[in-house]
Amino acid sequence: MADEVQGGAVVNTSPRPRMLVLGFPGEEDLVAELLQICPTSRHIDSLRQVRQAEWDILVTDEKLEEKKQYSGIIRAASHLCIVYRSPKANHYHTIEYAPGWKCAISSVPGVVSQEIRRMRNLPERIAILVHEKLEPVVMQRTTHRVFEWRKLPNSAGSLQPPEIVPFISTADNHPLAGKYARSDSSEAWLLPKDVPDLPSWVRAALAEWNGLAPERFPGVPDWSTREAWLTKEELRITSEIQKVESERLEYLNRAREIEADLQARLAEARESADRYERALLTAQSDELKEVVIQTLQEIGFTVLDADGSAASDDHLEDLHIMNPDSPGWVALGEVKGYSRGARTEGLTQFLRFNMRYTSKTGRSPDACWYIVNQFIRRDPSTRQRALHGKDEDVKAFGAANGLVIDTVQLFHLLRQVRDEVLTPRDARELLRNSSGRFIIQ
């Protein structure tokens with residue numbers, strides 16, 4: 001008996017650490033510098049663009065969840081380590097809220113404090129960055145954005161969010177920068193919007209996280225990747241990588257522009273189709289009559305709106321349809337839209353239409369076309385054929401040169417003309433020579 005087939009190893013894994021960069025609009029140079037830090041990195045516009053399990057770190061200035069009307073909520077996975085920089089905006093900003101928490105971890109503006117409190121026993125890397133990079137900035141301020149728990153409206157959770165451990169704070173112990181645990185093997189670093197040299201903070205975080213999750217954050221010595229300590233060969237290869245990355249970013253930007261243009265054109269095409277072609281399948285009353293006229297004219301018929309010449313209280317057929325290939329040939333057309341199935345009463349109306357036309361012109365029409373849009377709220381591919389179950393009535397109507405035309409069939413006929421499966425003349429002849437129920441192959 002053959003051995004049971006089992007899943008094996010994943011063969012196309014990328015080197016670690018693997019970093020996502022999300023957000024930072026208008027800061028292309030910063031994004032480009034961040035993307036050079038890790039061996040595997042990617043700039044994204046949404047967490048929905050990636051499988052989060054394949055990544056280790058997220059550097060962002062956006063909150064750690066995304067909401068979409070039809071797609072629901074997606075949150076930054078709990079295994080991800082985060083470097084979060086406050087956004088440029090000055091309003092309250094929710095950073096992270098996990099189901100069950102009674103508060104959210106938030107970025108709150110407007111806290112007044114002239115004095116700043118240092119923290120003891122910080123890891124050396126963090127202490128150096130705080131002293132050399134952050135203190136000179138925060139000491140110039142008197143009003144600060146701080147990180148704290150904040151109750152959300154309608155929050156029914158009972159769990160306490162993780163403690164925010166400050167790197168530096170106001171005199172009243174409001175964290176100006178800090179961190180909190182997201183899981184046993186991940187944490188988030190919180191930095192102010194004006195933090196200098198964000199890439200240095202990311203490098204420091206990677207080095208610290210080596211002790212937290214060494215399999216995901218292998219040793220990344222800060223100094224060994226700096227230009228001053230690279231060999232000539234490393235510099236050459238690094239330059240080539242930067243060139244490729246620059247070309248990739250240029251391509252992605254160009255692709256986004258092309259896609260945006262195509263999406264705009266598609267929206268215009270959809271709007272146009274909704275007003276014309278798809279209106280054959282959705283419209284009723286005068287709107288339906290107008291698009292039927294437009295369709296028949298595009299196929300090459302000459303169409304007269306007969307209602308325009310009739311008295312307001314004298315309802316006659318909607319259309320007089322002429323074929324330029326057959327001078328003198330005339331079909332009377334009646335256009336109807338139904339929320340349910342087409343009705344046979346429409347067939348009997350042609351008795352009156354024919355008599356009135358014959359009395360007025362001294363001759364009978366060559367054909368009578370009952371053009372119907374039925375079951376307009378259904379998907380056209382699921383609609384029954386026109387006058388389903390009324391085959392004897394349709395047969396009798398056809399024997400008197402009558403033709404029942406479902407607008408679904410008229411839509412397909414127009415498509416075939418545009419796709420050059422049929423010429424306009426072939427389409428006209430197909431309609432002119434048909435009777436009973438019009439079905440296009």
Side-chain angles (χ1 to χ4, degrees), residues 10 16-25 41-111 145-167 169 173-193 201-202 205-206 208-209 211-217:
V10 177
R16 282 181 150 146
R18 307 166 188 163
M19 182 173 70
L20 295 170
V21 180
L22 171 63
F24 303 101
S41 59
R42 180 178 172 185
H43 186 216
I44 58 174
D45 299 316
S46 167
L47 289 172
R48 300 175 193 275
Q49 294 178 286
V50 294
R51 177 175 173 261
Q52 294 188 57
E54 298 173 0
W55 299 89
D56 304 308
I57 174 176
L58 173 66
V59 181
T60 185
D61 63 350
E62 298 185 7
K63 62 183 179 180
L64 304 185
E65 69 173 38
E66 299 174 11
K67 296 181 181 179
K68 286 195 174 181
Q69 183 174 0
Y70 299 109
S71 304
I73 298 175
I74 184 170
R75 295 183 171 88
S78 61
H79 77 278
L80 288 176
C81 285
I82 308 292
V83 175
Y84 169 86
R85 191 198 74 183
S86 289
K88 301 296 185 182
N90 291 320
H91 52 72
Y92 291 95
H93 191 77
T94 298
I95 301 170
E96 183 166 20
Y97 174 77
W101 286 4
K102 62 181 180 180
C103 299
I105 293 176
S106 303
S107 174
V108 180
V111 175
R145 177 181 285 273
V146 301
F147 300 101
E148 63 182 27
W149 297 339
R150 188 168 183 82
K151 184 77 173 176
L152 294 178
N154 304 319
S155 174
S158 59
L159 300 177
Q160 194 84 328
E163 178 188 1
I164 301 173
V165 178
F167 297 159
S169 74
N173 298 312
H174 294 291
L176 300 170
K179 66 178 183 179
Y180 64 91
R182 302 191 73 234
S183 72
D184 292 339
S185 59
S186 65
E187 63 185 21
W189 284 23
L190 306 173
L191 301 171
K193 64 182 180 181
W201 288 88
V202 174
L206 290 171
E208 290 296 315
W209 294 335
L212 191 64
E215 73 287 351
R216 293 195 292 130
F217 299 98

**Request:** Step through the shown structure and confirm whether more than 12 heavy atoms of other residues, nucleotides or ligands are within 6.0 Å of CG on N173.
**Result:** yes
**Complete:** All heavy atoms of S78 vs all of S183, minimum pair found to be O-OG, 3.5 Å
**Asked** Do you know the tightest heavy-atom contact between S107 and Y84?
**Response** CB-OH, 4.2 Å
**Asked** Once you round to the nearest 0.5 Å, how far does SG of C103 lie from CZ of R150?
**Response** 10.0 Å
**Prompt:** Quick one: does M19's side chain get under 4.5 Å of L206's, heavy atoms only?
**Reply:** no
**Message:** Do I95 and S106 have side chains that approach each other closer than 4.5 Å (heavy atoms only, starting at C-beta)?
**Reply:** no
**Fill in**
Rounded to the nearest 0.5 angstrom, the CG-CG distance for D45 and L22 is 8.0 Å
**Prompt:** So do the side chains of L212 and F217 get within less than 4.5 Å of each other, counting heavy atoms only?
**Reply:** no
**Request:** Kindly indicate, with the supporting measurements, whether the criterion side chain to side chain contact (heavy atoms under 4.5 Å, CB included) is fulfilled by K63 and Y97.
**Result:** CA-CA 9 Å; K63 62 183 179 180; Y97 174 77; over 6 Å; no
**Request:** Mind checking the CD1-CD spacing from I44 to Q49? Nearest 0.5 Å is all I need.
**Result:** 6.0 Å
**Request:** Search all heavy atoms of L176 against all heavy atoms of F147 and return the closest pair with its distance.
**Result:** O-CE1, 3.3 Å
**Fill in**
Nearest heavy-atom approach of R85 to P192 is CG-O, 3.2 Å
**Residue pair I57 / L80, side-chain heavy-atom distance below 4.5 Å** = no
**Prompt:** Hey, is CD on E163 packed in by over 12 heavy atoms from elsewhere, all under 6.0 Å?
**Reply:** no
**Prompt:** Which distance, rounded to the nearest 0.5 Å, do you find between the NZ of K179 and the CG of L190?
**Reply:** 11.0 Å
**Prompt:** Quick one: does Q52's side chain have a donor or acceptor within less than 3.5 Å of a partner on A77's backbone?
**Reply:** yes
**Request:** Give, for atom CD1 of I73 and atom NZ of K67, the distance between the pair rounded to the nearest 0.5 Å.
**Result:** 4.5 Å
**Request:** Please report the shortest heavy-atom distance between W201 and W189, naming the atom on each side.
**Result:** O-CZ3, 3.7 Å
**Request:** Without swapping roles, check the side chain of E148 against the backbone of V108 for a donor-acceptor pair under 3.5 Å.
**Result:** no
**Item:** Side chain proximity check, L64 to R182, heavy atoms < 4.5 angstrom
**Value:** yes
**Asked** Going by distance alone, is a donor N or O of one side chain under 3.5 Å from an acceptor N or O of the other, for Y180 and E96?
**Response** yes
**Prompt:** Which atoms form the tightest heavy-atom contact between D61 and P25, and what is the distance?
**Reply:** OD2-CD, 3.9 Å
**Prompt:** Would you say the side chain of P162 lies within less than 4.5 Å of the side chain of W101, judging by non-hydrogen atoms?
**Reply:** yes
**Asked** Under 4.5 Å between any side-chain heavy atoms of E54 and V50, yes or no?
**Response** no
**Message:** Rounded at 0.5 Å granularity, tell me how far CG in D56 sits from CD in E215.
**Reply:** 8.5 Å
**Prompt:** Are side-chain heavy atoms of W209 and R216 found at a separation under 4.5 Å?
**Reply:** no
